[in-house]
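In what follows, a structure is listed as structure tokens, so that the remarks can point back to it.
Owing to the predicted nature of the structure, the values given are computational and were not obtained by experimental measurement. If you read the sequence from its start, that first residue is 1, and numbering goes on from there. All values below come from the heavy atoms of this structure, side chains included, with hydrogens, waters and symmetry mates left out.
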Amino acid sequence: MTCTSADAEMCAACRADYPPSSAAGIVGTPELRQRASTVWLEREAVAAHGPARLAAAPLLGDGERARWLVVGDDGWFHLWDLDARSCAAIRPIPDGVVDLGQPVTLRVSRDGRFAALANTRGLAGAVVDVATGAVTVRMQRDGYHSSHSDYSVAFVDAGGRTLVVHATRWNRLDAADARTGELVTAREPHALDYFHAGLHVSPGEARIADTGWVWGAAGIVRAWSLDAWLGANVFESEDGPSVRRLGYRLYDWNNSLVWLDDDRVALAGYGSDVDWMLPAARIVTASTGVEVRWFYGPSGWFAFDRHLVSISARDGAAVWDVDTGERIVHEPAARARWYHPGARVFVEVAPDGDLVAWRLCGHDAGAPWLTDGVRVLARSLHAGGAPSSDGLRVLGDALEEAGCPDAELLAHCRAGVHRGPRCWVVDRLLARL
């Protein structure tokens with residue numbers, strides 16, 4: 001079967017007025033495309049005792065160390081180290097910050113110093129200095145339809161400061177210094193008929209996307225330039241020239257979304273109405289708002305690890321080639337809840353409370369530079385535990401001599417810096433035994 005979209009045949013003038021993500025005109029049944037691959041998801045059982053984990057956020061400043069900050073049901077912050085198989089209590093969460101009986105949203109600054117937590121559909125939250133336990137910023141949004149939108153909060157680094165971006169009203173976002181609480185987006189009230197929801201910051205912190213909604217009720221995904229907002233125009237987040245609409249669908253918001261780079265996002269679902277939304281991924285350019293492709297199949301929440309990864313309770317995990325839309329891995333048993341983009345590991349909580357880690361291993365077929373010699377070297381590094389700096393540089397030399405064009409793999413090996421017991425580059429070069 002083939003899929004066509006009615007808006008593909010419109011003139012440019014009509015397309016500008018046509019809601020993005022409208023699937024009117026689809027002919028036939030979308031087909032899930034698959035191809036054989038030498039990539040797989042490797043399962044690892046991890047015994048890690050501790051309290052029930054209500055929320056977890058990766059510590060990105062640790063590089064490849066698989067460490068998270070965790071909110072436990074005991075009311076404490078915990079440092080959860082997957083590599084060391086430990087979960088250690090750090091300090092109690094200040095009283096009155098969140099109701100642990102309700103879903104909790106947790107975000108952590110890149111340097112790991114500050115944690116922002118709030119009830120996901122609540123009104124208030126706070127930024128806590130993890131080292132001292134002091135509350136540095138009180139967050140408060142008003143109650144107008146707050147129960148319909150996820151709490152808006154994210155950290156960004158700008159001008160040498162760590163800033164927390166959060167909702168202060170249903171139609172207003174602000175940024176404050178996470179250390180001092182100083183407001184950096186002070187401005188006069190400005191009309192915006194938009195309910196803010198989940199915030200997603202691009203990898204290089206160039207843009208931010210908001211999966212909110214407007215009366216109608218319609219979900220509208222918006223993105224804008226962080227540099228323009230925090231450095232030039234305090235109204236940029238509302239109606240600045242960099243704001244782009246990336247998605248529009250009736251009665252569907254708080255969407256799954258992941259940045260592929262600083263200008264492209266993968267947005268879950270294809271269609272213009274929640275009642276007939278197709279499981280799919282839309283690839284949209286944030287600087288223009290233009291959809292470059294879409295493909296059928298992905299469902300659940302999204303992560304990006306050189307491939308698009310979708311995880312749902314019904315279908316498990318799937319790995320997708322973003323350029324072709326083909327599924328190259330399907331692991332029905334994987335039900336991961338969290339992803340660490342530094343360690344490149346997915347984690348789920350087993351029914352007995354222990355953890356299960358999933359890692360992408362292997363490289364897609366057809367790479368002539370993935371020689372037997374490269375794979376033998378990768379296997380020896382994998383078997384030896386944490387690879388040394390010298391071992392990684394030797395691997396980088398072998399890849400270069402074999403003609404590897406992958407700049408990310410080569411740069412990682414040449415850097416020779418590794419802080420975890422496993423190396424994602426080594427994992428990607430393994431052959432399945």
Under the criterion side-chain contact (heavy atoms from CB on, under 4.5 Å), I'd like the reasoning laid out for His382 against Asp427: C-alpha separation, chi angles, the key distance, then a yes or no. CA-CA 7 Å; His382 176 73; Asp427 284 345; 3.9 Å; yes
Strictly distance-based, threshold 3.5 Å: is any side-chain N or O of [X] a donor or acceptor partner for the main-chain N or O of [Y]?
X: Glu205; Y: Asp157; result: yes
X: Asp177; Y: Val184; result: no
X: Arg245; Y: Ala223; result: no
X: Asp74; Y: Trp76; result: yes
X: Arg244; Y: Pro241; result: yes
X: Thr371; Y: Val374; result: yes
X: Asn119; Y: Val104; result: no
X: Arg375; Y: Leu429; result: yes
X: Ser202; Y: Ala206; result: yes
X: Asn233; Y: Ala228; result: no

Return the [atom1] to [atom2] distance between [X] and [Y], rounded to the nearest 0.5 Å.
X: His412; Y: Leu399; atom1: NE2; atom2: CG; value: 11.0 Å
X: Ser256; Y: Phe302; atom1: OG; atom2: CZ; value: 6.0 Å
X: Ser299; Y: Arg314; atom1: OG; atom2: CZ; value: 5.5 Å
X: Asp397; Y: Cys404; atom1: CG; atom2: SG; value: 12.0 Å
X: Leu79; Y: Ile90; atom1: CG; atom2: CD1; value: 4.5 Å
X: Phe346; Y: Ile311; atom1: CZ; atom2: CD1; value: 5.0 Å

I'd like to know whether CZ of Arg179 has more than 12 heavy-atom contacts from other residues, nucleotides or ligands below 6.0 angstrom. no
If you count every heavy atom of other residues, nucleotides or ligands that lies below 6.0 Å from Asp372 atom CG, does the total exceed 12? no
Passes side-chain contact (heavy atoms from CB on, under 4.5 Å), Trp229 versus Trp224? Steps please. CA-CA 8 Å; Trp229 184 37; Trp224 63 93; 3.7 Å; yes
Parallel, tilted or perpendicular: which fits the ring planes of His340 and Trp68, with parallel below 30° and perpendicular above 60°? perpendicular
Regarding [X] and [Y], is there a side-chain donor-to-acceptor distance under 3.5 Å anywhere?
X: Thr136; Y: Asp129; value: no
X: Thr105; Y: Thr120; value: yes
X: Ser287; Y: Asp263; value: yes
X: Thr168; Y: Asp174; value: yes
X: Asp390; Y: Ser388; value: no
X: Ser225; Y: Glu236; value: no
X: Trp213; Y: Ser149; value: yes
X: Asp81; Y: Ser86; value: no

Any heavy-atom pair between the side chains of [Y] and [X] that's under 4.5 Å?
X: Val284; Y: Val290; value: no
X: Arg293; Y: Arg282; value: no
X: Leu117; Y: Val97; value: yes
X: Leu392; Y: Arg414; value: no
X: Leu32; Y: Arg327; value: yes
X: Glu44; Y: Arg359; value: yes
X: Trp369; Y: Pro405; value: yes
X: Arg393; Y: Cys413; value: no

Quick test of your reading of the model: are [X] and [Y] salt-bridged, counting only N-O distances below 4.0 Å?
X: Asp305; Y: Arg428; result: yes
X: Arg422; Y: Glu64; result: no
X: Arg43; Y: Glu331; result: no

Check for me whether the distance between the ring centres of His330 and Trp320 falls short of 6.0 Å. no
Kindly state whether the ring of His200 and the ring of Trp259 have centres lying under 6.0 angstrom apart. no
Show, in sequence, the C-alpha distance, side-chain angles and deciding distance for Asp315 and Arg335, and conclude whether the salt bridge (Lys or Arg N to Asp or Glu O under 4.0 Å) test is met. CA-CA 9 Å; Asp315 299 325; Arg335 297 289 191 275; over 6 Å; no
Before you tell me yes or no, could you show the steps for Arg65 and Asp62 under salt bridge (Lys or Arg N to Asp or Glu O under 4.0 Å), namely the whole-Å CA-CA distance, both residues' side-chain angles and the distance that decides it to 0.1 Å? CA-CA 5 Å; Arg65 291 283 302 277; Asp62 284 349; 6.0 Å; no
Checking ring-ring contact (aromatic ring centres under 6.0 Å, His included) between Tyr270 and each of Trp276, Tyr248, Trp294, Tyr296, which is the one that passes? Trp294
Are [X] and [Y] in a cation-pi contact, defined as NZ or CZ under 6.0 Å from the six-membered ring centre and within 45° of the axis?
X: Arg53; Y: Trp80; result: yes
X: Arg222; Y: Tyr194; result: yes
X: Arg344; Y: Trp424; result: yes

From CA spacing to verdict: side-chain contact (heavy atoms from CB on, under 4.5 Å), Val128, Phe114: CA-CA 6 Å; Val128 179; Phe114 301 102; over 6 Å; no
Would you name the heavy atoms of Ala266 and Leu308 that are closest together and state the gap between them? CB-CD1, 4.0 Å
Show the numbers, then the answer: is there a salt bridge (Lys or Arg N to Asp or Glu O under 4.0 Å) between Asp261 and Arg264? CA-CA 6 Å; Asp261 50 43; Arg264 296 179 303 154; 2.8 Å; yes
With salt bridge (Lys or Arg N to Asp or Glu O under 4.0 Å) as the test, would you mind laying out the steps for Asp273 and Arg249 before giving the verdict? CA-CA 5 Å; Asp273 192 301; Arg249 54 271 299 261; over 6 Å; no
Go through Glu348 and Trp358 one step at a time and tell me if the side chain to side chain donor-acceptor pair (under 3.5 Å) criterion holds. CA-CA 8 Å; Glu348 67 180 85; Trp358 296 90; 2.8 Å; yes
side-chain contact (heavy atoms from CB on, under 4.5 Å) for Val108 and Arg113? Distances and angles first, verdict last. CA-CA 8 Å; Val108 178; Arg113 177 174 176 179; over 6 Å; no
